[in-house]
Visitor: 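Please find one structure pasted underneath; my questions will follow.
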Amino acid sequence: MRIATWNVNSIKARLPTVLEVLDAINCDVVCLQEIKCETNAFPYMELEERGWNCEVLGQKSYNGVALLSKHEIEDVTKGLPTIEDEQARYIEALILADRPIRVGGLYLPNGNPAPGQKYDYKMEWMDALEQHARALLKQDEAFVLCGDYNCIPTPEDCWDETVWQDDALALPQTRAEFRKLKYLGLADAFELTDNRAHQYTFWDYQGGAFKKDHGIRIDHLLCSPQACDRLQSVEIYRKARELEKPSDHVPVIGTFED
DNA sequence: ATGTCTCTGTGCCAGAGA
């Protein structure tokens, strides 16, 4: 069972690239963020003809999340149940593989500039996510909350801590909220299986950041204890950043025992 | 020495968001 998360930065602007990468990474489930289209404008046809079951929570212009699965899906939730949210940032479903696994795909608010209203919203959203994670943990099932967390967990997860230290992605309060999720009992799949320093999932479009490897690690898979038991490896699919018209993020893939 | 991309709309550039 291979589960990926990928912020595509508009699915309409790079559909051929998205399809190419999806073919290459050979996953069972893929959570997409920043699809930047309304639900009914999602390219269902192109994905369904490649065998994907699609669940989508879109909106105009910004944000938007989708959950793709090669297996049957049930129990779909759109939007975090713990917050009134106008923005399309969360989608969850139970994946009916031989051993079912619940998957939540999330696009956490960026929060810049901080401090300010946008950062307040980010903190509210992280708190709502923690409340939801708490409820899920009570079910004692395998689940993975994956997505663009817009959080650089530690100084080793960015190319230059001094550049990011005042950014909403790296502020102490952001890192503290991310740690809270871990203290609840969720594990960062990358940290658990690989944990090398300076392994990135995002590189800015500006200033040739990818060429210089000036990146940050902000796309994460957080696993429940039952999912950790099945976790085998994590791969950051850097190749996606080398393609024509790439997203600024690359897929992060967790492999779990079937 | 300089170098981003994508979205929208009193639209063909500019401002916002990342």
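Every chain is numbered from 1, with letters handed out A, B, ... down the list of sequences. Basis for what follows: all heavy atoms, side chains included, without hydrogens, waters or symmetry-related copies.
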Visitor: Consider only side-chain N and O atoms of A:D204 and A:H214, and report whether a donor and an acceptor are under 3.5 Å apart.
Guide: no

Visitor: Please state how far atom CD in A:E244 lies from atom P in B:dT4, giving the value in whole angstrom units.
Guide: 17 Å

Visitor: So that I can tick it off, tell me whether A:R102 and A:E141 are bridged by a salt bridge, with the cut-off set at under 4.0 angstrom between side-chain N and carboxylate O.
Guide: yes

Visitor: When you check the side-chain N and O atoms of A:T201 and A:D219, is any donor under 3.5 Å from an acceptor?
Guide: yes

Visitor: Identify, between A:P246 and A:G208, the residue whose nearest nucleotide on DNA chain B lies closer to the 5' end.
Guide: A:G208

Visitor: What is the distance, to the nearest angstrom, from the CD1 atom on A:I35 to the C1' atom on B:dC7?
Guide: 14 Å

Visitor: Does A:E46 have any salt bridge (Lys or Arg N to Asp or Glu O under 4.0 Å) partners at least two apart in sequence or in another chain, and if so, which?
Guide: none

Visitor: Return the value, rounded to whole Å, for the distance between atom CD of A:Q33 and atom C1' of B:dT6.
Guide: 17 Å

Visitor: Using the C1' atom in both, what is the distance from B:dG15 to B:dG11, to the nearest Å?
Guide: 13 Å

Visitor: Quantified in whole Å, what is the C1' atom distance between nucleotide B:dC7 and nucleotide B:dC12?
Guide: 15 Å

Visitor: For A:A114, what residues pass the side chain to side chain contact (heavy atoms under 4.5 Å, CB included) criterion, not counting sequence neighbours?
Guide: A:Y119, A:A168, A:L171

Visitor: For the residue pair A:W203 and A:D248, confirm or rule out a side-chain donor-acceptor distance under 3.5 Å.
Guide: no

Visitor: One character per nucleotide, please: for nucleotides 9-18 of chain B, 5' to 3', B when the base has a protein heavy atom closer than 4.0 Å, S when only the sugar-phosphate does, - otherwise.
Guide: S------BSS

Visitor: Take atom NZ of A:K12 and atom C1' of B:dC7, then tell me their distance rounded to the nearest Å.
Guide: 9 Å

